[in-house]
Q: 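Structure in structure tokens, see below.
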Amino acid sequence: MKQSLGLISLLVADYDEAIEFYTQKLGFELVEDSPQGEKRWVVVRPQGAAGTAILLAKASNEQQKQQIGNQCGGRVFLFLNTDDFWRDHKQMQQQGVKFLETPREEAYGTVAVFEDLYGTRWDLLQLN
């Protein structure tokens, strides 16, 4: 049996502002933006990535709206792996991405926590 993760659903407040953040600030590519009745099927992923992508899912009720930016209880939710930490860190800072800490060297690699436009925590990570 062979399995893989296809999409990770991420709650957002607005499709267009989320698309702008992920494509302009993080340099992701917009894979799909298709109408689905009153909703849209919006998928983004890092440039050139072939694996897991993110489904930007607009919150549709109060409970979902309350979870935007806190889908993981304040912990890091997503990990953006890179082949050049310092290149991406610099570019993201220039785009106004908010880093919550100074980059640090760990036994496993170079890492720094940043937030998306709603406060969802991510690790920017270059593994050794």
Side-chain angles (χ1 to χ4, degrees):
M1 177 168 70
K2 184 176 181 177
Q3 298 179 333
S4 65
L5 288 177
L7 294 172
I8 295 173
S9 181
L10 183 64
L11 288 169
V12 300
D14 179 83
Y15 291 119
D16 293 322
E17 71 182 8
I19 290 169
E20 181 179 351
F21 177 85
Y22 283 96
T23 60
Q24 301 303 309
K25 307 269 186 201
L26 298 187
F28 283 24
E29 63 180 322
L30 179 61
V31 175
E32 185 175 356
D33 185 356
S34 303
Q36 302 287 317
E38 292 183 21
K39 297 181 181 183
R40 288 158 57 185
W41 186 260
V42 179
V43 178
V44 296
R45 69 174 168 223
Q47 291 286 336
T52 307
I54 297 173
L55 173 69
L56 300 176
K58 184 175 178 184
S60 60
N61 61 44
E62 264 319 299
Q63 182 181 7
Q64 290 176 9
K65 288 176 184 175
Q66 291 175 10
Q67 298 306 310
I68 294 171
N70 192 31
Q71 293 179 94
C72 200
R75 291 186 58 102
V76 169
F77 180 52
L78 299 164
F79 298 78
L80 180 58
N81 289 356
T82 178
D83 64 346
D84 188 334
F85 178 90
W86 295 107
R87 174 199 66 214
D88 292 349
H89 183 265
K90 179 181 177 182
Q91 184 176 30
M92 290 166 67
Q93 281 189 311
Q94 289 172 344
Q95 292 298 321
V97 173
K98 180 181 176 184
F99 279 86
L100 301 178
E101 62 184 15
T102 303
R104 64 187 193 279
E105 298 291 332
E106 297 289 348
Y108 53 84
T110 307
V111 63
V113 177
F114 69 92
E115 288 182 336
D116 73 7
L117 73 165
Y118 301 115
T120 301
R121 291 178 177 213
W122 290 66
D123 268 359
L124 176 62
L125 175 63
Q126 182 178 357
L127 296 169
N128 290 335

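In this chain, numbering begins with 1 at the start of the sequence shown. Because only heavy atoms are used, hydrogens play no part in the values below, and waters and symmetry mates are left out as well, while side chains stay in.
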Q: Mark yes or no for whether D123, through its side chain, and V76, through its backbone, hold a donor-acceptor pair below 3.5 Å.
A: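 Side chain of D123 to backbone of V76: no pair is present.
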
Q: For residues I8 and L125: do they belong to one hydrophobic cluster (side chain heavy atoms under 4.5 Å, members Ile, Leu, Val, Met, Phe, Trp, Tyr)?
A: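 Shared cluster, no.
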
Q: Any donor and acceptor pair, going by atom type alone, linking the side chain of Q64 with main-chain N or O of S60 inside 3.5 Å?
A: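 Yes, because the side chain of Q64 sits within donor-acceptor range (under 3.5 Å) of the backbone of S60.
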
Q: Determine whether L100 and F21 fall in the same hydrophobic cluster, where Ile, Leu, Val, Met, Phe, Trp and Tyr are linked whenever their side-chain heavy atoms lie under 4.5 Å apart.
A: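 No, no single cluster joins them.
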
Q: Please list all pairs meeting side-chain hydrogen bond (donor to acceptor under 3.5 Å, both in side chains) that have one or both residues in residues 65-80, counting only residues at least two apart or in different chains.
A: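 Not a single pair qualifies under side-chain hydrogen bond (donor to acceptor under 3.5 Å, both in side chains).
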
Q: If you define the side chain from C-beta out and look only at heavy atoms, does anything of L124 sit under 4.5 Å from V111?
A: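 They are not in contact (no side-chain heavy atoms under 4.5 Å apart), so the answer is no.
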
Q: Out of curiosity, does L7 fall in the hydrophobic cluster containing L26 (side-chain heavy atoms, cut-off under 4.5 Å, transitive links)?
A: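 The answer is no; the residues belong to distinct hydrophobic clusters.
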
Q: Which of these, K98, M92, K25, Q93, sits in a side-chain contact (heavy atoms from CB on, under 4.5 Å) with F114?
A: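 Among the candidates, only M92 passes.
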
Q: Group every Ile, Leu, Val, Met, Phe, Trp and Tyr by side-chain heavy-atom contacts under 4.5 Å, then state whether L56 and W41 land in the same group.
A: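 Different clusters.
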
Q: When the side chains of residues 42-55 are checked against the rest of the protein, which donor-acceptor pairs come out under 3.5 Å, sequence neighbours left out?
A:
{"residue": "R45", "atom": "NE", "partner": "E29", "partner atom": "OE2", "Å": "3.1"}
{"residue": "R45", "atom": "NE", "partner": "A49", "partner atom": "O", "Å": "3.2"}
{"residue": "Q47", "atom": "NE2", "partner": "G27", "partner atom": "O", "Å": "3.3"}
{"residue": "T52", "atom": "OG1", "partner": "L5", "partner atom": "O", "Å": "3.0"}

Q: Check ring-ring contact (aromatic ring centres under 6.0 Å, His included) between F85 and all other residues, then give those that pass, not counting sequence neighbours.
A: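 By the ring-ring contact (aromatic ring centres under 6.0 Å, His included) rule, F85 matches H89.
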
Q: Show every side-chain hydrogen bond (donor to acceptor under 3.5 Å, both in side chains) that has at least one partner inside residues 104-114, sequence neighbours left out.
A: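 The answer is E101-R104, R104-E106, E105-T110.
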
Q: So do the side chains of F77 and D116 get within less than 4.5 Å of each other, counting heavy atoms only?
A: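 Result no, sub-4.5 Å side-chain heavy-atom pair not found.
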
Q: Measuring from L127:CG to D83:CG, what's the distance to the nearest 0.5 Å?
A: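 Output value for this atom pair is 11.5 Å.
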
Q: The criterion is ring-ring contact (aromatic ring centres under 6.0 Å, His included); which residues satisfy it with F28, sequence neighbours excluded?
A: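 Only Y22 meet the ring-ring contact (aromatic ring centres under 6.0 Å, His included) criterion with F28.
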
Q: Taking the side chain as C-beta and beyond, is there a heavy-atom pair between P103 and W86 under 4.5 Å?
A: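 Result yes, sub-4.5 Å side-chain heavy-atom pair found.
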
Q: Decide side chain to side chain contact (heavy atoms under 4.5 Å, CB included) for L117 and E20; before the verdict, give the C-alpha distance in whole Å, the side-chain angles of both, and the deciding distance to 0.1 Å.
A: CA-CA 10 Å; L117 73 165; E20 181 179 351; over 6 Å; no

Q: Counting heavy atoms not belonging to E115, are there more than 12 under 6.0 Å from its CD?
A: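 For E115, atom CD is crowded (more than 12 foreign heavy atoms under 6.0 Å).
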
Q: Which atoms form the tightest heavy-atom contact between V113 and R121, and what is the distance?
A: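 The answer is CG1-CB, 4.2 Å.
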
Q: Would you tabulate the side-chain donor-acceptor contacts of residues 10-19 under 3.5 Å, counting partners in other chains and residues two or more places apart, or write 'none'?
A:
{"residue": "D14", "atom": "OD2", "partner": "D16", "partner atom": "N", "Å": "3.1"}
{"residue": "D14", "atom": "OD2", "partner": "E17", "partner atom": "N", "Å": "2.8"}
{"residue": "Y15", "atom": "OH", "partner": "R40", "partner atom": "N", "Å": "3.1"}
{"residue": "Y15", "atom": "OH", "partner": "R40", "partner atom": "O", "Å": "3.4"}
{"residue": "D16", "atom": "OD1", "partner": "R40", "partner atom": "NH1", "Å": "3.3"}
{"residue": "D16", "atom": "OD1", "partner": "R40", "partner atom": "NH2", "Å": "2.9"}
{"residue": "E17", "atom": "OE2", "partner": "Y118", "partner atom": "OH", "Å": "2.5"}

Q: For residues I68 and A59, report the shortest heavy-atom separation together with the two atoms involved.
A: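 The pair with the smallest heavy-atom distance is CD1-CB, 3.7 Å.
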
